[in-house]
Amino acid sequence: MRIAINTGGGDAPGLNAVIRAVVLAAERKGWEVVGIRRGYEGILNDDPDGLIPLDRQAVRGITHLGGTILGTTNRGNPLDFPVVQPDGSVEKIDRGDELVQRFRDEGIDALIAVGGDGSLRIAAELERRGLRVIGVPKTIDNDLASTVVTFGFHTAVQVATDALGRLHSTAESHRRVMVVELMGRDAGWIALFAGVAATADVILIPEIPYSLEKVCEKIESRYDGENGFAIVVVAEGAKEQNHDAVFLEKEPVDGMPRYGGIAERLAHEIRERTGKETRALVLGHLQRGGEPVAYDKALALRFGAAAVGLIDQGVSGCMVALDPPDVVPVPLEEAVAEMKFVEPEGEMVNTARSMGISFGD
Ligand code: F6P
């Protein structure tokens with residue numbers, strides 16, 4: 001057997017742990033493993049360094065490393081590949097069949113595709129076109145419906161919670177409102193978990209559109225005369241009632257829309273309305289960088305080993321998923337059919353509300 005592994009989309013802490021588990025589990029079966037560089041780019045473009053042999057030595061000591069030793073990209077979807085025309089316009093072409101053929105040319109029997117919803121959709125389509133594929137779910141956003149949790153999420157929550165904890169003292173010293181923007185795209189999981197863990201005063205998530213008036217009411221209630229401070233956590237995709245989310249780039253030629261800017265806007269509005277000194281902070285890619293927390297390392301290693309196990313059983317077209325206490329296969333089609341959002345009436349939101357945390361509604 002010769003299997004390939006790639007990492008696609010935004011990186012997430014734990015990718016290297018998946019790679020290590022795949023290589024070690026495959027090697028014990030006497031299989032060969034190759035890593036594809038930068039998503040599908042390495043194999044599609046026939047890059048000289050596009051495929052790298054992965055053995056025990058190559059994956060030594062990488063479990064604790066952030067990022068991915070293979071590189072990744074969230075651009076250049078092979079099924080909707082942007083090609084610049086002589087007149088400067090961009091035409092999208094489908095290179096899926098070409099890609100499947102490249103796998104055959106390389107003698108690759110199966111692919112382990114590690115990615116979020118976008119990468120797993122590509123993997124599902126390649127499987128339909130004849131490639132044996134097992135998906136491994138990755139994203140700090142935790143927005144994949146078929147797995148209880150994705151690796152990378154707990155690390156992002158830990159980083160965000162630590163940052164929010166540190167902001168308390170400076171906010172209190174200056175009697176300021178601190179507005180902190182966290183990642184998550186259309187899902188508020190990181191903001192919700194970090195906001196609760198760090199005991200924020202206000203948590204704003206895409207699933208619960210907020211009223212500026214209610215946000216400011218809560219902030220005012222945190223001040224007693226001149227004393228007081230407030231911590232507002234805002235998910236990058238959060239939106240004010242009857243307004244759109246705030247984007248840095250809404251329709252990029254290639255890749256996903258880029259959220260960003262809500263914290264600065266909200267800080268300005270809070271300052272205008274309450275007269276309180278307010279500062280905005282965007283935590284950004286810090287949430288994705290560095291060493292995974294232990295939970296993510298263990299989950300990523302479990303996912304990697306399970307993916308090899310499924311290939312060994314002759315399974316294809318499935319994603320490994322956490323269904324505690326087990327890691328189970330879920331059809332890829334089903335895994336990417338819907339996204340997982342925070343339930344506005346769910347236990348976690350209710351817990352936060354019961355402690356007086358406002359969602360601005
Ligand atoms: O999907 C993971 C994620 O980190 C999102 O939370 C965020 O919106 C996006 O990726 C950022 O993408 P990029 O790395 O392209 O800036």
Side-chain angles (χ1 to χ4, degrees), residues 6-15 18 38-41 66-68 70-77 80 82 113-123 135-147 149-161 163-164 180-195 203-207 233-239 244-265 281-290 292-293 296 299-300 319 335-336 338-342:
N6 73 346
T7 52
D11 66 340
L15 285 169
V18 178
R38 302 172 289 277
Y40 290 100
E41 250 179 57
T68 159
L70 296 175
T72 187
T73 175
N74 50 13
R75 293 173 186 275
N77 176 350
D80 203 21
V114 192
D117 62 312
S119 309
L120 294 174
R121 275 196 190 97
I122 297 168
V136 175
K138 155 261 38 160
T139 167
I140 63 164
D141 303 334
N142 194 33
D143 56 358
L144 286 167
S146 301
T147 181
V149 70
T150 48
F151 68 83
F153 171 65
H154 281 290
T155 305
V157 169
Q158 188 64 55
V159 170
T161 305
L164 290 167
V180 186
E181 181 174 315
L182 299 181
M183 281 185 166
R185 293 201 297 178
D186 303 310
W189 294 109
I190 300 174
L192 178 60
F193 272 68
I203 300 174
L204 304 177
I205 56 175
E207 295 87 344
V233 172
V234 59
E236 61 181 1
K239 33 192 173 297
D244 277 344
V246 183
F247 291 93
L248 285 173
E249 223 183 337
K250 198 165 183 186
E251 287 169 2
V253 180
D254 191 11
M256 306 286 289
R258 288 178 62 214
Y259 285 105
I262 182 86
E264 196 55 65
R265 179 184 294 190
L281 173 81
V282 180
L283 211 55
H285 295 81
L286 276 176
Q287 291 159 94
R288 281 186 4 205
V293 295
D296 283 337
L299 183 60
M319 180 189 90
V336 296
E338 54 182 299
M339 306 301 286
K340 179 175 66 190
F341 298 109
V342 172

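When a ligand or atom number is given, it counts from 1 through the structure's own listing order. On a predicted model such as this, the values are computed, not experimentally measured, just so you know.
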For atom 8 (O) of ligand 1, what is the closest protein heavy atom, and at what distance to 0.1 Å? E236 OE2, 2.5 Å
Closest non-hydrogen protein atom to atom 10 (O) of ligand 1, residue and atom name please, with distance? R288 NH1, 3.1 Å
Run the numbers for me: atoms of ligand 1, each under 4.0 Å from some heavy atom of G184, listed by number. 6 (O)
D141 N/O under 3.5 Å from ligand 1 N/O: yes
For R185, the ligand 1 atoms with a heavy-atom partner under 4.0 Å come out as 1 (O), 5 (C), 6 (O), 8 (O)
Among H285, R75, R258, whose heavy atom sits nearest atom 13 (P) of ligand 1? H285
Any ion pair linking D117 and R185 (charged N to carboxylate O, less than 4.0 Å)? yes
Decide whether an N or O pair under 3.5 Å exists between Y259 and ligand 1. no
With distance as the sole test, does D296 use its side chain to make a donor-acceptor pair with the main-chain N or O of F151 at under 3.5 Å? no
E249 atom CD, neighbour heavy-atom count above 12 within 6.0 Å: yes
Against heavy atoms of I140, which atoms of ligand 1 measure under 4.0 Å? 4 (O)
Would you mind finding which of N74, I190, T73, D11 brings a heavy atom closest to atom 15 (O) of ligand 1? N74
Result for side chain to side chain contact (heavy atoms under 4.5 Å, CB included) between F153 and one of I140, V293, N142 points to N142
Is the shortest heavy-atom distance from the side chain of K340 to the side chain of W189 under 4.5 Å? yes
Between CG on residue D11 and NZ on residue K138, distance to nearest 0.5 Å: 7.5 Å
Is the closest side-chain heavy-atom distance between D244 and K250 below 4.5 Å? yes
